[in-house]
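Remember, it's 1-based here, ligands and their atoms both numbered in the order they're listed.
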Amino acid sequence: MDEQIKAMQAEIEAAAASITDSKEMYLLRKQYLDNKTGKISALMKNMRDLPPEERPAFGKVVNVLKGWALDFFSEQDARLKAIELAQKNAAEQIDVTMPASKHLCGALHPQTLIANELIDIFAGMGFTIFEGPEIENDYYNFTALNTPQDHPARDMQDTFYVSEEFLLRTQTSAGQIRVMENAQPPIKILSPGKVFRSDDDATHSPMFSQMEGLVVDKGITLCDLQGMLDVFAQNIFGENVKTRLRPSYFPFTEPSVEVDVSCFACGGKGCRLTGWIEVLGAGMVNRHVLENCGVDPDVYTGFAFGMGIERIAMLKYGIPNIKMLFESDVRVLEQFRG
Ligand code: PHE
């Protein structure tokens, strides 16, 4: 009897010796202690086959074995779980002194910053946004803007033609026609977008962006234009900035003006920026243009202006070369983080 018990103890110890995982140890425990299928439980059941006088002694011995096995397995379980916990802790250890990985954060491009600022300023004065197509036909880009085929002013803008009829728009002024064809005054729109010209140097790029403004209503004058441009210039460049209108020529405006702002660096006294800085072209909408769009020039007048967004960004931020706005050099761009 005792031998049978000892053999089973030895068997358990031998099997346990090669186990390094608490789950496997649990399975081994089940093999011996499971109420239904365990080998020790089976010994208890065997008791029925013994003569009654041997049963108490046998029961006692099996109970001792069972008690031993219970203790043995709980010790093994505790031992293995302690090892497993130590291994888990070692694996999950973190070095709080290690430098953190960098999370780079993007920012808006100066071009976008200026465009948003301009839209905010003009939206505050009641302008709504109109976006025209980048591929235009000759009529909208030139002819309807009082620049027919043989007009010398066509040479003012070197044009990329896509076909005889279609071209990459050279100016957002094309949007003026699209708006006036479809709406009667009062009209007050701002039209931002890309424009294209065969032109390339430190201050010109073959693709750049413009912001066009158009106001048409009864009694609109050049004074309204200048008053509104003052608000624009002061918001963008600083509250002491003044505007100055110089006579100029555009086929679609009459009179036409170039608009200068007083230097925000020297206040107009004269510096590297020459005291007055040209910022945009503008004028009263030419009556031929109004007529072309079905707006009666004897009832309505209007003004229009067009500015280069890159130019405004370069002036405001002191960017010397327009290429810097297209190269996406992070060292340049991160200086504009708001
Ligand atoms: N379209 C002109 C240009 O690109 C600018 C302009 C717009 C001038 C509206 C007058 C009125 O040079």
Side-chain angles (χ1 to χ4, degrees), residues 115 118 122 127 129-134 136 138-148 151-160 167-180 187-201 203-217 220-226 228-229 232-233 243-261 277-290 292-293 295 297 300-312 314-315 322:
L118 290 169
F122 287 104
F127 284 72
I129 304 292
F130 170 82
E131 280 183 294
E134 285 169 11
E136 263 300 1
D138 192 272
Y139 177 78
Y140 287 102
N141 196 81
F142 287 125
T143 307
L145 285 163
N146 199 32
T147 325
H151 199 289
R154 285 211 177 200
D155 297 342
M156 289 166 78
Q157 301 171 357
D158 275 324
T159 310
F160 291 114
L167 46 84
L168 300 182
R169 69 174 171 199
T170 60
Q171 49 189 353
T172 44
S173 302
Q176 289 184 31
I177 307 298
R178 292 189 176 271
V179 169
M180 284 192 285
I187 289 169
K188 209 170 181 186
I189 56 109
L190 190 67
S191 188
K194 294 191 183 86
V195 296
F196 306 84
R197 290 181 201 178
S198 180
D199 211 352
D200 200 4
D201 61 30
T203 52
H204 296 89
S205 152
M207 188 281 286
F208 63 105
S209 320
Q210 283 190 331
M211 190 81 78
E212 187 91 6
L214 173 72
V215 175
V216 185
D217 203 350
I220 297 290
T221 70
L222 207 57
C223 286
D224 298 315
L225 170 69
Q226 189 164 22
M228 202 207 57
L229 290 177
F232 142 76
T243 60
R244 177 175 82 170
L245 306 186
R246 266 183 303 111
S248 185
Y249 174 77
F250 298 102
F252 37 88
T253 45
E254 183 58 38
S256 300
V257 293
E258 298 282 358
V259 181
D260 299 339
V261 295
I277 308 141
E278 183 188 319
V279 287
L280 56 94
M284 298 304 292
V285 181
N286 189 305
R287 56 185 293 125
H288 297 310
V289 174
L290 295 175
N292 287 342
C293 301
V295 175
Y300 296 107
T301 51
F303 64 74
F305 60 87
M307 62 181 94
I309 299 179
E310 287 82 359
R311 181 166 169 75
I312 306 284
M314 288 168 77
L315 288 172
I322 194 168

Review point. Would a 4.5 Å heavy-atom cut-off, applied to side chains only, mark Thr243 and Val259 as touching?
Key: yes

Check your understanding: So, do Pro133 and Arg178 sit near enough that their side-chain heavy atoms are less than 4.5 Å apart?
Key -> yes

Review point. Quick one: CZ on Phe232 to CG on Leu280, what's the gap to the nearest 0.5 Å?
Key: 5.5 Å

Check your understanding: Applying salt bridge (charged side-chain N to carboxylate O under 4.0 Å, His left out), which residue pairs with at least one partner in residues 277-286 are found, sequence neighbours left out?
Key ->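 Listed once each, the pairs are Arg246-Glu278.
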
Exercise for review: Tell me the residues surrounding ligand 1, counting only those with a heavy atom closer than 4.0 angstrom, sorted by chain and number.
Suggested key: Gln157, Gln171, Ser173, Gln176, Arg197, Gln210, Glu212, Phe250, Phe252, Thr253, Gly281, Ala282, Ala304, Phe305, Gly306

Review point. Does the ring pair (Phe, Tyr, Trp, His ring centres under 6.0 Å) test come out yes or no for Phe305 and Phe122, once each step is laid out?
Key: CA-CA 12 Å; Phe305 60 87; Phe122 287 104; 5.2 Å; yes

Review point. Side chain of Thr301, backbone of Ile220: donor and acceptor closer than 3.5 Å?
Key: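 The answer is yes, because a donor-acceptor pair under 3.5 Å joins these two groups.
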
